Amino acid sequence: MTQRTALVTGGTGGIGTAIIRYLAGQGHRVASNYRDEAKAEQWRKAMAAEGIEVCMVPGDVSDPVSCEAMNKAIEEKCGPVEILVNNAGITRDTTFHKMNYQQWTDVINTNLNACFNVTRPVIEGMRARKWGRIVQISSINGQKGQYGQANYAAAKAGMHGFTISLAQENAKFGITVNTVSPGYVGTDMVMAVPEEVREKIVAQIPVGRLGKPEEIAHAVAFFTGEQASWITGANLAINGGHYMGW
Ligand code: CAA
């Protein structure tokens with residue numbers, strides 16, 4: 001296989017960590033960003049103990065200036081980004097009639113505007129080298145909406161609009177752009193949903209359980225592989241059957 005440099009934003013989170021493990025396991029150089037240096041260093045050491053050297057750089061995905069610097073730092077430390085996984089994300093759940101502007105903009109900036117901030121600095125290099133893989137980590141709730149998530153659902157739906165436009169613009173440059181839409185996976189983000197609400201949600205999942213981060217990472221690795229060169233603009237739902245759009 002060809003060794004590539006992969007940037008996974010939000011690598012220290014549940015799904016991000018699984019993606020980093022999977023891509024490193026395939027032999028790629030892996031990079032991620034952080035805002036909290038102490039937390040990142042602890043995580044980096046834990047990954048190193050597993051034999052995975054992650055190139056960590058400071059970077060706030062909600063800030064375009066920070067993302068320019070982040071991209072430069074990655075390029076210097078481990079080479080230009082050839083695989084990009086826009087994975088970093090947050091929630092600020094509340095019903096819309098109670099939502100304030102900060103809760104709206106925090107989620108739009110970190111989940112959707114980040115696609116611009118992180119992808120814009122890497123796209124020209126991918127086009128020049130005529131190879132690239134970009135994956136957006138969206139959500140089931142971008143596809144079906146969710147009570148209490150007008151901000152998050154809007155951002156996650158927007159991510160796939162970004163995917164299908166970028167896919168068209170960059171197809172001739174050997175760059176594929178796809179979306180993975182996870183359902184409810186057993187990460188800190190989902191475990192923060194009040195237990196009684198979460199139990200009702202799990203009861204709606206035909207497979208009968210929360211997803212595992214590795215089950216999402218497997219699909220990301222599929223899209224980023226060399227052989228997935230004719231798959232672009234797709235949105236793959238991985239949700240235990242919770243939502244079956246077509
Ligand atoms: N459909 C219909 N009614 C619902 C409902 C639903 N899905 N969820 C809640 N309600 C109702 C309640 O039954 C309650 O009704 P009553 O007042 O008649 O008893 C009412 O809504 C409560 O509404 P409030 O406005 O008072 O809401 P709240 O302040 O209690 O909290 C909430 C609402 C924050 C949205 C809470 O229900 C919640 O956390 N829901 C889960 C949201 C969720 O799924 N988040 C996913 C996070 S993980 C993630 O995002 C990862 C991913 O990609 C999947």
Side-chain angles (χ1 to χ4, degrees), residues 8-20 22 32 61-62 84-115 118 134-164 178-223 234-246:
V8 181
T9 65
T12 60
I15 291 178
T17 300
I19 296 171
I20 295 252
Y22 220 109
S32 193
V61 299
S62 69
L84 168 61
V85 185
N86 280 312
N87 166 72
I90 59 165
T91 54
R92 295 287 182 269
D93 293 355
T94 180
T95 43
F96 184 67
H97 63 275
K98 294 180 189 168
M99 189 177 290
N100 62 40
Y101 186 65
Q102 196 66 47
Q103 290 166 322
W104 174 263
T105 50
D106 281 354
V107 170
I108 298 295
N109 284 337
T110 301
N111 298 8
L112 179 59
N113 289 341
C115 291
V118 181
I134 301 173
V135 177
Q136 267 63 252
I137 305 299
S138 178
S139 165
I140 183 176
N141 294 339
Q143 299 180 293
K144 73 163 188 56
Q146 170 65 349
Y147 200 103
Q149 285 200 310
N151 48 4
Y152 186 85
K156 292 296 187 180
M159 287 175 85
H160 189 57
F162 175 73
T163 288
I164 54 184
N178 292 288
T179 300
V180 169
S181 290
Y184 284 75
V185 176
T187 59
D188 290 348
M189 185 186 268
V190 167
M191 297 321 273
V193 172
E195 195 178 348
E196 67 281 9
V197 177
R198 201 174 58 243
E199 277 170 8
K200 282 186 193 149
I201 292 171
V202 174
Q204 295 163 14
I205 304 175
V207 172
R209 62 168 173 84
L210 294 174
K212 299 173 190 163
E214 308 80 65
E215 290 169 326
I216 308 304
H218 177 66
V220 174
F222 167 71
F223 278 133
N235 185 1
L236 183 62
I238 310 175
N239 58 36
H242 193 170
Y243 177 73
M244 303 181 188
W246 60 283

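These figures come from a predicted structure and were not determined experimentally. Start at 1 with the first residue, then count along the sequence. When a ligand or atom number is given, it counts from 1 through the structure's own listing order. Computation of the quantities below employed the complete heavy-atom set of this structure, encompassing side-chain atoms and omitting hydrogens, waters and symmetry-equivalent molecules.
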For this session: Can you run down the side chain to side chain donor-acceptor pair (under 3.5 Å) pairs that involve residues 90-99, sequence neighbours left out, and say none if there aren't any?
Result: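 Those involving residues 90-99 are Asp93-Gln149.
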
Exercise. Which heavy atom in Ala18 sits nearest to a heavy atom in Glu214, and how many Å separate them?
Worked result: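 Closest approach of Ala18 to Glu214: CB-N, 3.9 Å.
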
Exercise. For Ser181, which residues count as a side chain to side chain donor-acceptor pair (under 3.5 Å) partner, sequence neighbours excluded?
Worked result: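 So Ser181 forms a side chain to side chain donor-acceptor pair (under 3.5 Å) with Asn235.
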
Exercise. If you measure from atom 41 (C) of ligand 1 to every heavy atom of Val197, Thr95, Val185, which option wins on shortest distance?
Worked result: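 Minimum heavy-atom distance to atom 41 (C) of ligand 1 goes to Val197.
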
Exercise. Below 4.5 Å, heavy atoms only, C-beta onward: do Ile205 and Asn239 meet side chain to side chain?
Worked result: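 Counting from C-beta outward, Ile205 and Asn239 never come under 4.5 Å.
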
For this session: May I ask whether atom 19 (O) of ligand 1 is less than 4.0 Å from at least one protein heavy atom?
Result: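 Given the 4.0 Å cut-off, atom 19 (O) of ligand 1 does not count as touching protein heavy atoms.
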
Exercise. What are the two closest non-hydrogen atoms of Val61 and Thr110, and how far apart are they?
Worked result: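 Here Val61 and Thr110 meet closest at CG2-O, 3.8 Å.
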
Problem set entry | Residue, atom name and distance, where the atom is the protein heavy atom closest to atom 34 (C) of ligand 1 |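 Looking at atom 34 (C) of ligand 1, the protein heavy atom closest to it is Asp93 O, 4.0 Å.
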
Exercise. Which bit of Gln149 gets closer than 4.0 Å to ligand 1, counting heavy atoms only: side chain, backbone, both or neither?
Worked result: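 Side chain only; the backbone of Gln149 stays clear of ligand 1.
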
Exercise. When only distance counts, is Tyr184 in polar contact with ligand 1, meaning an N/O pair under 3.5 Å?
Worked result: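 The answer is yes, given that Tyr184 and ligand 1 share an N or O pair closer than 3.5 Å.
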
Problem set entry | Any Ile137 side-chain heavy atom under 4.5 Å of Pro182 side chain |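 They are in contact (side-chain heavy atoms under 4.5 Å apart), so the answer is yes.
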
For this session: Can you confirm whether something in the protein, heavy atoms only, sits under 4.0 Å from atom 14 (C) of ligand 1?
Result: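 Not a single protein heavy atom is under 4.0 Å away.
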
Problem set entry | Nearest neighbour of atom 6 (C) of ligand 1 from the list Tyr147, Tyr152, Phe96, on a heavy-atom basis |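 Minimum heavy-atom distance to atom 6 (C) of ligand 1 goes to Tyr147.
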
Problem set entry | Shortest reach to atom 26 (O) of ligand 1 by a heavy atom, considering only Lys98, Met189, Lys200 |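 Nearest option to atom 26 (O) of ligand 1, by heavy atoms: Lys98.
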
For this session: List the closest protein heavy-atom neighbour of atom 48 (S) of ligand 1: residue, atom name, distance to the nearest 0.1 Å.
Result: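 Heavy-atom neighbour on the protein nearest atom 48 (S) of ligand 1: Val190 CG2, 3.7 Å.
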
For this session: Please report the closest heavy-atom contact between Ala219 and Ile238, naming both atoms and the distance.
Result: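 Smallest interatomic distance, heavy atoms only, reads CB-CD1, 3.2 Å.
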
For this session: List the atom of Ser138, the atom of Lys156, and the distance in Å for their closest heavy-atom pair.
Result: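 Taking every non-hydrogen atom into account, OG-O, 2.8 Å.
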
Problem set entry | Nearest protein heavy atom under 4.0 Å from atom 10 (N) of ligand 1, yes or no |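 Yes.
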
Problem set entry | Side chain to side chain, Gln146 and Tyr152, heavy atoms closer than 4.5 Å |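 They are not in contact (no side-chain heavy atoms under 4.5 Å apart), so the answer is no.
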
Exercise. Does Ile201 come within less than 4.0 angstrom of ligand 1, counting non-hydrogen atoms of the residue?
Worked result: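 The answer is yes: ligand 1 sits under 4.0 Å from a heavy atom of Ile201.
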
For this session: Give the atoms of ligand 1, by number and element, whose distance to some non-hydrogen atom of Gly148 is under 4.0 Å.
Result: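 Reading through ligand 1 atom by atom, the close ones are 35 (C).
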
Exercise. Atoms of ligand 1 less than 4.0 Å from Pro194 heavy atoms?
Worked result: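 Atoms satisfying the 4.0 Å criterion: 39 (O).
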
Problem set entry | Thr91 neighbourhood, listing ligand 1 atoms whose heavy-atom distance to it stays under 4.0 Å |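 That gives atoms 50 (O) of ligand 1.
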
Problem set entry | Tyr22 vs Val220 side-chain heavy atoms within contact, under 4.5 Å |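 No - every pair of side-chain heavy atoms lies 4.5 Å or more apart.
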
Exercise. Hey, is atom 24 (P) of ligand 1 touched by any protein heavy atom at less than 4.0 Å?
Worked result: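 So atom 24 (P) of ligand 1 has protein heavy-atom neighbours under 4.0 Å.
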
Problem set entry | Non-hydrogen protein atom less than 4.0 angstrom from atom 50 (O) of ligand 1 |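 Flag for atom 50 (O) of ligand 1 set to true, protein heavy atom closer than 4.0 Å.
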
Exercise. Quick one: does Leu236's side chain get under 4.5 Å of Asn178's, heavy atoms only?
Worked result: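 They are not in contact (no side-chain heavy atoms under 4.5 Å apart), so the answer is no.
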
Exercise. Quick check: does Ser139 get an N/O under 3.5 Å from an N/O on ligand 1?
Worked result: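 There is such a contact, yes.
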
For this session: Measure the shortest side-chain to side-chain distance between Val190 and Thr187 over non-hydrogen atoms and say whether it is less than 4.5 angstrom.
Result: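 Side chain of Val190 against side chain of Thr187, heavy atoms only: contact under 4.5 Å found.
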
Exercise. How are the rings of His242 and Tyr184 set to each other: parallel, tilted or perpendicular (split at 30° and 60°)?
Worked result: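 The arrangement is tilted - the two ring planes meet at 30° to 60°.
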
For this session: Check whether any protein heavy atom sits under 4.0 Å from atom 32 (C) of ligand 1.
Result: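 Answer no: nothing from the protein, no heavy atom, is under 4.0 Å.
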
Exercise. Would you say atom 4 (C) of ligand 1 has a protein heavy atom nearer than 4.0 Å?
Worked result: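 Yes.
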
Exercise. Against heavy atoms of Gln146, which atoms of ligand 1 measure under 4.0 Å?
Worked result: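 In order of number, 42 (C), 43 (C), 44 (O).
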
Exercise. Which atoms from ligand 1 have a heavy atom of Asn141 less than 4.0 Å away?
Worked result: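 Going through ligand 1 atom by atom, the ones under 4.0 Å from Asn141 are 54 (C).
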
For this session: Verify the distance criterion only: is there a donor paired with an acceptor across the side chains of His160 and Thr179 at less than 3.5 Å?
Result: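 Yes, side-chain donor-acceptor contact under 3.5 Å.
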
Exercise. Measuring to protein heavy atoms, does anything land under 4.0 Å from atom 54 (C) of ligand 1?
Worked result: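 It does; a protein heavy atom is within 4.0 Å.
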
For this session: Mark up the atoms of ligand 1 that fall under 4.0 Å of a heavy atom belonging to Val193, in ascending order.
Result: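 Reading through ligand 1 atom by atom, the close ones are 41 (C), 45 (N), 46 (C), 47 (C).
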
For this session: Using a 4.0 Å heavy-atom threshold (strictly under), name the region of Ala192 that reaches ligand 1: side chain, backbone, both or neither.
Result: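 For Ala192, there is no contact with ligand 1 at all, from either part.
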
